[in-house]
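Please read the structure below before turning to the comments.
Atoms considered below: every heavy atom in the structure, side chains included; atoms not considered: hydrogens, waters and symmetry mates.
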Protein chains: 2
Amino acid sequence: MRKFARRGIVLSAGVREESLCFLFEGRLQGVDFTIDGREVGLYFVEPGDFCGELGLFDHGPQPEYVIALTGAVTVFIPMEALREVMMKQPGIVRVLGERLAARLRQMTRQRSLLGLPNISQRVCCQLWMLIPEGDKDGSSGSFINNPPTHMEISIMLNLSRETVTRVFQNLQMREIVKRDGASCLLITDLQTLRELAEGKQEL
Amino acid sequence: MRKFARRGIVLSAGVREESLCFLFEGRLQGVDFTIDGREVGLYFVEPGDFCGELGLFDHGPQPEYVIALTGAVTVFIPMEALREVMMKQPGIVRVLGERLAARLRQMTRQRSLLGLPNISQRVCCQLWMLIPEGDKDGSSGSFINNPPTHMEISIMLNLSRETVTRVFQNLQMREIVKRDGASCLLITDLQTLRELAEGKQEL
DNA sequence: GTACTGGTGTGACCGTAATCACCCGCGCCG
DNA sequence: CGGCGCGGGTGATTACGGTCACACCAGTAC
């Protein structure tokens with residue numbers, strides 16, 4: 001078991017991480033860097049997910065950094081032990097394979113986002129993906145705990161931090177979202193947010 | 001065994017494809033669509049690779065389209081049979097796991113590309129990735145057979161077709177690449193292309 | 001021959017998001 | 001307390017890539 005402070009480096013790129021990281025609490029972000037040093041956001045990790053599982057399959061190095069966006073509680077599971085169990089227990093292989101497949105699907109969705117020409121839509125989609133699954137079809141509002149900063153969102157969406165800020169300003173003016181202190185973002189109008197994300201409405 | 005003409009749809013998104021597609025000849029492209037209908041290029045498939053393997057692991061539907069960019073020769077392997085073999089032969093699981101991991105690494109690299117602010121660099125990186133692995137460190141030139149069209153490259157890089165054309169015009173003027181008919185692109189100056197891709201030189 | 005289509009080449013124009021330069025407010029820490 | 005750093009907010013400016021509108025050419029179908 002390991003705890004991380006905000007900004008803590010959970011997994012390092014290039015290193016052969018010999019363990020898999022299961023997230024209990026908090027939020028992590030997979031981050032890569034371009035040749036010229038810009039940050040690129042790849043995915044978010046929410047509680048219940050794990051990351052760093054790539055080496056299990058191909059023995060290669062960890063391809064990207066994983067950073068703690070909030071304080072985080074994780075459990076590290078040594079790969080060697082896991083590989084042995086994998087041999088014996090086909091159930092384990094299945095779970096891990098499903099996890100890998102899920103990550104691939106997630107990255108595909110994220111990549112599609114980047115194709116959207118409308119910037120606000122991009123941000124709204126990303127916001128939508130951060131809303132707890134159970135709340136999405138509810139008619140009442142929802143909230144995102146310890147939401148990513150504008151900067152962290154911007155690198156996910158290939159935008160500048162300022163642009164994200166401006167979109168959020170619009171969303172707040174139209175009373176679609178609302179800040180509740182630094183550590184919580186209220187989604188007051190789920191319906192409209194969804195329509196913005198789907199492009200049925202312009203911001 | 002199945003053959004596809006250029007533009008043929010190899011795998012359809014949304015469908016539960018119950019087979020895996022191994023590519024013998026030609027080049028395929030994984031393609032998704034944004035909510036507003038724009039094409040997004042996800043990855044290329046080169047001979048020796050396969051695709052459509054996601055369902056093997058999570059029984060979910062195929063997330064994206066796979067299109068033949070050239071005439072293509074493929075072998076379809078029924079998943080059901082494969083799943084049975086997977087149970088018995090741990091070697092098969094390993095190969096498939098490695099394949100999945102490789103795709104994830106590939107998509108990560110591709111995503112990083114999109115973070116590059118310099119457009120020419122983006123195109124050059126993509127070009128570089130299309131060069132046969134064996135030629136990359138050679139001092140002599142190389143070539144890309146049946147290269148993707150400008151359109152197909154543009155959707156991989158979130159650019160417009162015209163922008164890609166203009167970059168290629170530059171590359172040809174500087175005699176870094178050269179067209180050899182419609183079906184072959186000669187890379188005459190590997191060294192410079194690499195430096196452009198790495199950002200050590202401006203176009 | 002003509003017509004058509006797909007891939008490419010090119011100019012003009014324009015909108016928009018990046019960039020830069022600030023400011024503010026808050027929390028933290030010595 | 002003061003100072004600092006981080007996250008957020010905002011205006012002015014501008015470069016750059018998208019879009020549109022063409023033209024061109026090779027292949028091919030009839």
Before accepting this row, confirm whether a basic side-chain N of the pair [X]/[Y] lies closer than 4.0 Å to the acidic partner's carboxylate O.
X: A:Asp32; Y: B:Arg109; result: no
X: B:Arg6; Y: B:Glu152; result: yes
X: A:Arg94; Y: A:Glu98; result: yes

For [X] against [Y], the heavy-atom pair lying closest together:
X: A:Ser19; Y: A:Pro78; result: CB-CA, 3.9 Å
X: B:Val75; Y: B:Met1; result: CG2-CG, 4.0 Å
X: B:Ala101; Y: A:Phe57; result: CB-CB, 4.2 Å

Looking only at side chains, do A:Gln106 and A:Gln110 share a donor and an acceptor under 3.5 Å apart? no
Residue pair A:Asn146 / A:Thr70, side-chain donor-acceptor N/O under 3.5 Å: no
Output all residues satisfying side-chain hydrogen bond (donor to acceptor under 3.5 Å, both in side chains) with A:Lys3, sequence neighbours left out; order by chain, then residue number.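 Counting only residues at least two positions away or on another chain, A:Lys3 forms no side-chain hydrogen bond (donor to acceptor under 3.5 Å, both in side chains).
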Can you sort out the partners of A:Glu202 under side-chain hydrogen bond (donor to acceptor under 3.5 Å, both in side chains), two or more places apart, ordered by chain and number?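 A:Glu202: side-chain hydrogen bond (donor to acceptor under 3.5 Å, both in side chains) contacts with A:Asn118.
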A:Ile155 and side-chain contact (heavy atoms from CB on, under 4.5 Å): which partner among A:Arg38, A:Arg161, A:Gln29?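 Between A:Ile155 and the candidates, side-chain contact (heavy atoms from CB on, under 4.5 Å) is satisfied uniquely by A:Gln29.
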So what is the end-to-end bend of the helix from C:dG1-D:dC30 to C:dG30-D:dC1, with 5 pairs used at each end and the value given to 10 degrees?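 For the helix from C:dG1-D:dC30 to C:dG30-D:dC1, the axes at opposite ends meet at about 40°.
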Please encode protein proximity along nucleotides 16-30 of chain C as a string of B, S and -, counting only heavy-atom distances under 4.0 Å. -SSBBB---------
First contact, last contact: which nucleotides of DNA chain D are these for chain A, 5' to 3', heavy-atom distance under 4.0 Å?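 Listed 5' to 3', the contact boundaries are D:dG7 to D:dA12.
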In whole angstroms, how far is the C1' atom of C:dG15 from the CD atom of A:Glu202?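 Value for this atom pair: 14 Å.
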In residues 167-186 of chain B, which residues come under 4.0 Å of DNA chain D by heavy atom? none
Are there over 12 heavy-atom neighbours, none belonging to B:Lys200, within less than 6.0 Å of that residue's NZ?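 No.
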